[in-house]
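These notes are about the structure you will find just below.
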Amino acid sequence: MKHKYQFFISSTFKDLTEERKIAIDAIMKLGHIPAGMESFTSTGKDQFESIKPYIDDSDYYIIILGGKYGTIIKNEKISYTEKEYDYAMSNNKSIIAFVYDDPENLPSSKRETKQSMINYFNKFRSKILNNGMASLWHDQLNLSRDIAASIANVVENYPADTCWKHVKRNFSETIEYDDTIFGKTEYINVYSKEQCAPYYRGIPVTLFEFQTDETNYSLKMQADFTMLKKDYSNYRWAGIYIRSLPCRNWKKYILNGSLIKFSAVATPNVKSMWFEIKSDRVEMCKRRIEFENGILNEYSIDLSQFNATINDWEFVREICLVLYPEYIEDDISEITIYNLRIES
């Protein structure tokens, strides 16, 4: 059954009309689905709320940046384009970015001219270039080639864990879940690489491996912390995120007083790590965990201790295991997490 992926196209609007058409054409020629707000202007009162469902339903997020920052949302000091980008980032969308290489030499109609807007633009441009898959473009021909190549590459090498399927009218698929979890142990297993990935900023991750089976869960991460410990002014961290797709019934876990448990082994230079659970709305759980000579035996976390409404637990997105440079005493660090599970 052929999989079709949906690509959300984000950009400032009037200055990049032709570039958006190029992206739409490339996506359709490759057999996928373009999405975006082609008929939407920057004056709608609830514009961002109208855009969010399109991003949610998309498998990938494409942003094209020229020389404009875009319309700033009233009372928020951020443009619609940057807010879309941040929302896609927060929801772990695979982001493909195309950034114009020489914005200062664009015609005045296609770049910011006020210093305050230039400052906003430069900060946003740097954010995009420092995060995710970004490439520079100079003309429409160059952009057309790069978009087509990037889409083909990301679909082949980083397939999304969601997609659209073309099925016959009489197609049916039954999924059965066992909701009887009380008194049981449920392991948080990872069944594909798309559910587990490096999770870092400002630190070059040099090695990432994971293994899993039906009853065990193991991660290993190696990061180079050289020189980073000398400067804590920038927010830097490295670790692993686990998309919690195999986990169900978080609300029941909380009501039943369940514990999340795991063990860990690390190189002796790792003194602590942070364990975090995040939802689409808030950070549900965050705790710093101390190691003793690189060993962590049967650590337990009572999920009901953390500040969140019971309904927020229905929107759990991921579990994060994070290391910070200030808690590392050497350049190379390894950490393995195993037996990650929920017990009632």
Side-chain angles (χ1 to χ4, degrees), residues 6-13 15-16 19-20 23 34-37 40-100 103 112 116-135 150 154 158 160 162 197-203 234-239 241 243-244 276-284 286 308 312 315-320 322:
Q6 181 166 303
F7 290 78
F8 184 90
I9 304 166
S10 178
S11 74
T12 49
F13 199 81
D15 59 314
L16 294 173
E19 287 77 8
R20 292 176 70 89
M37 304 301 289
F40 218 94
T41 66
S42 298
T43 58
K45 181 179 180 181
D46 298 317
Q47 178 176 338
F48 184 68
E49 291 303 312
S50 299
I51 290 171
K52 282 168 63 176
Y54 288 82
I55 299 175
D56 292 336
D57 288 343
S58 296
D59 308 294
Y60 298 94
Y61 179 95
I62 290 177
I63 183 165
I64 305 172
L65 188 70
K68 288 278 192 177
Y69 178 63
T71 302
I72 293 180
I73 303 171
K74 187 177 180 180
N75 299 324
E76 292 195 38
K77 295 184 179 180
I78 188 172
S79 69
Y80 285 102
T81 307
E82 184 169 8
K83 192 166 184 177
E84 288 175 18
Y85 178 85
D86 289 346
Y87 182 76
M89 286 282 291
S90 70
N91 284 277
N92 291 317
K93 296 294 179 183
S94 293
I95 294 177
I96 313 168
F98 302 94
V99 180
Y100 191 76
E112 300 297 349
S116 59
M117 295 298 289
I118 292 172
N119 293 340
Y120 278 122
F121 171 81
N122 287 337
K123 186 176 179 181
F124 183 36
R125 187 174 187 271
S126 295
K127 180 197 291 188
I128 294 174
L129 290 173
N130 290 328
N131 288 325
M133 188 184 299
S135 57
S150 295
V154 76
Y158 308 98
T162 56
Y199 178 76
Y200 58 93
R201 175 175 292 170
I203 298 174
N234 293 320
Y235 186 56
R236 294 178 169 130
W237 36 260
Y241 77 77
R243 293 182 187 170
S244 58
E276 303 168 1
I277 300 177
K278 298 181 179 181
S279 80
D280 290 332
R281 300 176 176 180
V282 296
E283 192 170 69
M284 315 297 297
K286 184 170 184 177
D312 283 333
F315 298 90
V316 168
R317 182 178 74 237
E318 64 193 21
I319 296 171
C320 304
V322 188

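The residues of the chain are indexed from 1 along the displayed sequence.
- In plain terms, the two heavy atoms of E276 and K286 that are nearest each other are OE2-CE, 3.3 Å.
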Intermediate values then yes/no, side chain to side chain contact (heavy atoms under 4.5 Å, CB included), F121 and L65: CA-CA 10 Å; F121 171 81; L65 188 70; 3.8 Å; yes
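- Scanning all heavy atoms of the two residues, the minimum distance from F8 to S58 falls at CB-OG, 3.5 Å.
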Side chain to side chain contact (heavy atoms under 4.5 Å, CB included) evaluation trace for F124 with I63: CA-CA 12 Å; F124 183 36; I63 183 165; 3.6 Å; yes
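- Closest of all the heavy-atom pairs between I128 and A134 is O-CB, 3.9 Å.
- Scanning all heavy atoms of the two residues, the minimum distance from I51 to E84 falls at CD1-OE2, 3.1 Å.
- Summarising the geometry, atom CE belonging to M117 is positioned 7.5 Å from atom OH belonging to Y69; distances are rounded to the nearest 0.5 Å.
- Going from atom CD1 of I62 over to atom CD1 of I9 covers 6.0 Å, rounded to the nearest 0.5 Å.
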Stepwise side chain to side chain contact (heavy atoms under 4.5 Å, CB included) check, Y87 with K93: CA-CA 9 Å; Y87 182 76; K93 296 294 179 183; over 6 Å; no
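- Put simply, the side chain of R125 never gets that close to the backbone of G67: no donor and acceptor are under 3.5 Å apart.
- Note: S135 OG to L129 CG = 9.5 Å, rounded to the nearest 0.5 Å.
- The shortest side-chain heavy-atom distance between D86 and K127 falls under the 4.5 Å cut-off.
- Formation of a donor-acceptor pair under 3.5 Å by the Y54 side chain with backbone atoms of A35 is not found in this model.
- For the atom pair CZ of F7 and OG of S150, the computed distance is 9.5 Å after rounding to the nearest 0.5 Å.
- In this structure, the side chain of K83 does not engage the main chain of I78 through any donor-acceptor pair within 3.5 Å.
- The heavy-atom pair separating K77 from I72 by the smallest distance is CA-CG2, 3.8 Å.
- Here the shortest heavy-atom pairing between T81 and S11 reads OG1-O, 3.7 Å.
- Remark: E82 does not engage K123 in a salt bridge, criterion side-chain N to carboxylate O under 4.0 Å.
- A donor-acceptor pair under 3.5 Å is formed between the side chain of Y61 and the backbone N or O of Y85.
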